[in-house]
Amino acid sequence: MRTRKSLKETTDEEYIQHILNNIKVTITHTDSKGKVKDSSIIDVTGKSQKINHHIDKKKPEAPYWAHDYIKQHTDIDKASVEQKSFYKIFRDKFIKGEYLEIGKNVNYASVLLLELLNDYEKDKNIVRLESQLKLLAQNYPRVESAAINALIKKMEERGDDEEAERIKTEIDATTDGYDTSSDFWRLGRKYNVLLNLDNEQASLLDRITHPTNNFCDIEFCLIATVKLYVALIDELRKKYKEEGSSFKDIIEEAADIIVRKEHKYRKGSNDYKYFMKICADGIHTTTFQYCENAVRIKHGYNRKINTDTGYSNKDVNSILEEKYFSKVKELLPALSEQIELPDQKSEVALNAVSTTRWKKQFEELTTVFDGNAKKFVESVINLGKLNKKNPSVENIFFEASKFISKSDRESAISLYLYYLHYDLKSASFNNKQLTKTIQKSLFQTNEQLHAFEKIVSDLIHDKDLKKALRTVPVLYEVKRKKIKLDSSFIKEARQQHSETVELLNEYLKDDFEDDNTSIKAVEINSEEVKMEIVKKNELEHASPFVNELVLNNHQTDVIGLFVKSNFSLAVEDFEIYSKTRGLFSNQLIESINETCYELLDDLLIEEEEGFYTINPNYFQRISAI
């Protein structure tokens, strides 16, 4: 709920990062006779008309660009070839008055905003800048607040305080401004009909900054959060009314405290009025974030967003907690019981962005396991379907194979084949060898192990999972043909060809090899066998990183682990991973960052709220693939 500093004290980048909400502007495009004027000219006479908002949804489509903090317009140089190509078309069409659909790929609009600001610095044409930034805000609402605030800042830097005040007045105006057809418009208007909101509920939701994160990008989760927020506000109204106050009065009182004690603005001044609205909206947004965290917990999404108010004045934080947020926390637990569980489509989407979410559901399967192996396998396969977009889906089948191995060998083998199937389909990072552990109890003879290795080799070669699964039932029926040799012939052979015995012994080793695959089985202990599987056509693969980087196997494996975990790992999980390999987690992270720093001029792996994360754009820069 942290608000901005004084408009003159912040940088362009800070404006873009700390986006405000509820900015409504109007642009006039007519002369005194009512004729349409050049779109680069803004009429400041006070007359206005609604702009016809149109987005060109025809191709080219915007290539996916993971949301990032865009610091300067030259950040486009770090993008992929496809992203650069689209941005050029996107920018050129914008200048011509055509607006391409970019969906959730807000980076394109952010880069354009900074490029327009950079162009302004060359000729100081404030009229053109105002026209461009308002059109950018209108057509791409996710950068709306950043664009308008940047415009206000530029006007104040020029000493045009009256023009800056005019923009602020437009922000507070109640007249209709933008076309509200965009999917990313105000929450109240977006869900007014769908959730049957009354005018007061819709108006309140319109004051909330639209969340832009992986969780709320899932429509089901966002709707669940909106429902909970509406229910919470209704309960807060009742509670304050019982205490002889009102919800509106409490919000205004809290905003007044923030503006006067934190920002030091005198009551009644223009800045006071301006920041009263901003701070009140900030309180609403933080309340919404509390609701979002409650929905995250209900939906099994581990990562929470920070709801700390974080004001430097301790009295402000204390008063806010006492008067308002303590009641929010008091009411949420009971209301959270009404949160709907995700449907199947939303489950798939959640598992794609929360790559370890499956563990809780898997634990439930193992807890209720009653010895029915067939039912267990079916449940695991269904869990796999819900994780079909999860880059770590293969781990579900690996853990399931280990769990069932002592109860049912065929089920364990089938699940292990599922594991290999998904692992082969995944974006393999080091692409050198697959070293996997299977239960030795699955194979009582070398014959069975060799038969299994043949199944694995065929699966790796032809990717035909159904064919591999069909061979499992007969795996344990395989019988090696008995070799009948005349004793006198054997004696003669031993004398003349002593190497025959060596060849027979070699044949009975735990190794398998054909034209496509080499499989080596190594006994770890009485219970486990480690299998090293190498596809021969991958033995000579080049490093997956650019030539400037020299990473050892441990560092390579760690980055590969991040890739399969959607570029995010819990610190606790990573420490466990490091310990199992006899490594220190901090030293491992530091060594990777140090190796990559010269190339990136930044840290590759950063720690954030209990998680280690890798910026996907940085990964693209170090990857040679």
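Computation of the quantities below employed the complete heavy-atom set of this structure, encompassing side-chain atoms and omitting hydrogens, waters and symmetry-equivalent molecules. It should be emphasised that the depicted structure is a prediction, and the values quoted were computed from it without experimental measurement.
Cation-pi geometry between Arg303 and Phe215 is not met: the NZ or CZ atom fails to fall both under 6.0 Å from the ring centre and inside 45° of the normal.
The neighbour count for Lys304 NZ, taken as heavy atoms of other residues, nucleotides or ligands under 6.0 Å away, does not exceed 12. Counting non-hydrogen atoms of other residues, nucleotides and ligands closer than 6.0 Å to CD of Glu594 gives a total of 12 or fewer. Within 6.0 Å of CD on Glu607 lie more than 12 heavy atoms contributed by other residues, nucleotides or ligands.
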Audit row: Lys359, Glu363, salt bridge (Lys or Arg N to Asp or Glu O under 4.0 Å) steps and yes/no: CA-CA 6 Å; Lys359 291 184 177 181; Glu363 183 180 350; over 6 Å; no

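In summary, Lys360 and Glu364 do not engage in a salt bridge, as defined by a charged side-chain N under 4.0 Å from a carboxylate O. Between Asp458 and Lys463, no side-chain nitrogen of the basic residue sits less than 4.0 Å from a carboxylate oxygen of the acidic one, so the salt-bridge criterion is not met. Of the charged side-chain nitrogens involved, at least one lies within less than 4.0 Å of a carboxylate oxygen, so that Lys564 and Glu394 count as a salt-bridged pair.
Looking at heavy atoms from C-beta onward, Arg621 lies in side-chain contact with Leu600 at the 4.5 angstrom threshold. No side-chain heavy atom of Asn105 sits less than 4.5 Å from a side-chain heavy atom of Asn107. You'll find the side chain of Leu114 stays beyond 4.5 Å of the side chain of Asp75, heavy atoms only.
Distance alone, capped at 3.5 Å, places no donor-acceptor pair between the Thr595 side chain and the Leu551 backbone. Between the side chain of Ser623 and the backbone N or O of Phe619 there is no donor-acceptor pair closer than 3.5 Å. Using a distance-only test at 3.5 Å, with no hydrogens or angles considered, no donor-acceptor pair links the side chain of Ser457 to the main chain of Glu453. The backbone N or O of Tyr64 sits less than 3.5 Å from a side-chain atom of Gln83, completing a donor-acceptor pair. Side-chain N or O atoms of Ser392 include none that pairs as donor or acceptor with a backbone N or O of Asn395 at under 3.5 Å. Using modelled atom types, one side-chain atom of Glu101 and one backbone atom of Gly103 make a donor-acceptor pair closer than 3.5 Å.
Between Tyr87 and Tyr108, the angle of the ring planes stays under 30°, which puts this pair in the parallel group of the 30/60° scheme. The aromatic rings of Phe369 and Phe376 sit perpendicular to each other, their planes meeting at more than 60°, with 30° as the lower class boundary. Using bins of under 30°, 30° to 60° and over 60° for the plane-to-plane angle, the ring pair Phe398/Tyr416 lands in the tilted bin. Using cut-offs of 30° and 60° on the angle between ring planes, the pair Phe90 and Phe86 is parallel.
Contact record, Leu604 with Cys596: CD2-SG, 3.8 Å, taken as the closest heavy-atom pair. Taking each heavy atom of His73 and Val111 in turn, the nearest pair found is O-CG1, 3.5 Å. Scanning all heavy atoms of the two residues, the minimum distance from Pro211 to Leu187 falls at CD-CD1, 4.3 Å.
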Only pairs under 3.5 Å count here: list side-chain donor-acceptor contacts from residues 347-355, not counting sequence neighbours, and write none if there are none.
unit_1: Glu347; atom_1: OE1; unit_2: Arg357; atom_2: NH1; d: 2.6
unit_1: Glu347; atom_1: OE1; unit_2: Arg357; atom_2: NH2; d: 3.2
unit_1: Glu347; atom_1: OE2; unit_2: Arg357; atom_2: NH2; d: 3.4
unit_1: Asn351; atom_1: OD1; unit_2: Arg357; atom_2: NH1; d: 2.9
unit_1: Asn351; atom_1: ND2; unit_2: Glu347; atom_2: O; d: 3.1
unit_1: Asn351; atom_1: ND2; unit_2: Leu386; atom_2: O; d: 2.9

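Phe567 has its ring centre no less than 6.0 Å from the ring centre of Phe562. Between Phe220 and His299, a ring centre-to-centre spacing shorter than 6.0 Å is recorded.
Within the structure, no pair that satisfies the salt bridge (Lys or Arg N to Asp or Glu O under 4.0 Å) test touches residues 368-384, not counting sequence neighbours.
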